[in-house]
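As the structure lists them, so they are numbered: ligands from 1, and atoms in each ligand from 1.
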Amino acid sequence: MKLLIMGPPGAGKGTQAKILSSKFNLIHLSTGDILRSEISKGSSTGIEAQSYMNAGNLVPDKVLLAMMETTLKNLNDKGLILDGFPRTIPQAEGLNTILKNNSQELDAVISLTADENELVERLIKRGHDSGRSDDTPEIIKQRQEVYWKQTSPLVDYYIDKNILIEIDGIGSINEIKNRILESLNSHA
Ligand code: AMP
């Protein structure tokens, strides 16, 4: 099974991706985590990505596509949950091509929805707890804008492909998990 989870910053993608990965034995691929680890290694990808991430902007498509092409090739026949990639239409098209070349496809795309004010509050709290340098109020605002401009068009893109599952992301972690599991069941 190959899943994608998407939603605005703070919607709880990472938390739900971890739950789904252990429930269905899927490899959790978070491009944010991969990029943060490249930065801490000081690799050329990390160096290229850092200034974009600090500003709350997207790292260029070509960097993400090169990174994910290699990663996905090595995990060809494995169950996966993609978290944070694709984030633009060109990335989605690139992902399609990469999967098609390996005779694979996405089974479902989970889109978490949530009210923007609630999300900003959650992220400011996370910034206090996690110390993530891009969880400051100004950068959060920028990341939200980037989501609505560049990533939200993927919702229609995956509706057209008939694989979008929209989930209300407001509630407890457990409630949201149960909504996702019910929808996946009826989608299958
Ligand atoms: P996240 O941990 O998913 O919130 O990602 C943190 C940051 O990493 C984002 O604000 C972007 O700067 C960068 N990033 C992660 N995934 C992508 C992607 N698919 N395309 C471009 N930039 C990304």
Carboxylate-amine/guanidinium contact E121 K125, below 4.0 Å: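 A salt bridge is absent here (no side-chain N lies under 4.0 Å from a carboxylate O).
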E182/R179 salt bridge by N-O under 4.0 Å criterion: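 Result for this pair is no, no salt bridge flagged.
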Identify, for [atom], the protein heavy atom at the shortest distance, and state residue, atom and that distance.
atom                    : answer
atom 14 (N) of ligand 1 : L35 CD1, 3.5 Å
atom 16 (N) of ligand 1 : T31 OG1, 2.8 Å
atom 8 (O) of ligand 1  : M53 CE, 3.3 Å
atom 22 (N) of ligand 1 : V59 N, 3.1 Å
atom 4 (O) of ligand 1  : R132 NH2, 3.2 Å

Contact atoms of ligand 1, heavy-atom distance to [X] under 4.0 Å:
X   : answer
F85 : 19 (N)
G84 : 16 (N), 17 (C), 18 (C), 19 (N)
R36 : 2 (O), 6 (C)
Q91 : 18 (C), 19 (N), 20 (N), 21 (C)

Atom pair CG/CG of N102 and N76 - distance to nearest 0.5 Å: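 One finds 4.0 Å between CG of N102 and CG of N76.
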Approximate separation, where rounding is to 0.5 Å, of R143 CZ and D135 CG: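 Going from CZ on R143 over to CG on D135, the span is 5.0 Å.
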Option of least heavy-atom distance to atom 12 (O) of ligand 1 (set: I34, N57, L58, T151):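 Of the listed residues, N57 has the closest heavy atom.
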Shortest reach to atom 15 (C) of ligand 1 by a heavy atom, considering only M6, M68, Q142, R87: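 Among M6, M68, Q142, R87, the closest heavy atom to atom 15 (C) of ligand 1 belongs to R87.
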Within-4.5 Å side-chain heavy-atom neighbours: L72 and L29: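 Yes, side chains in contact.
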I39: side chain to side chain contact (heavy atoms under 4.5 Å, CB included) partners, not counting sequence neighbours: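 In terms of side chain to side chain contact (heavy atoms under 4.5 Å, CB included), with neighbours along the sequence ignored, I39 is linked to Q50, M53.
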Members sharing L58's hydrophobic cluster (side chains within less than 4.5 Å):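 Result for L58 is V146.
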No-hydrogen, no-angle side-chain donor-acceptor test under 3.5 Å, E38 and S43: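 Side-chain D/A pair, E38 to S43: present.
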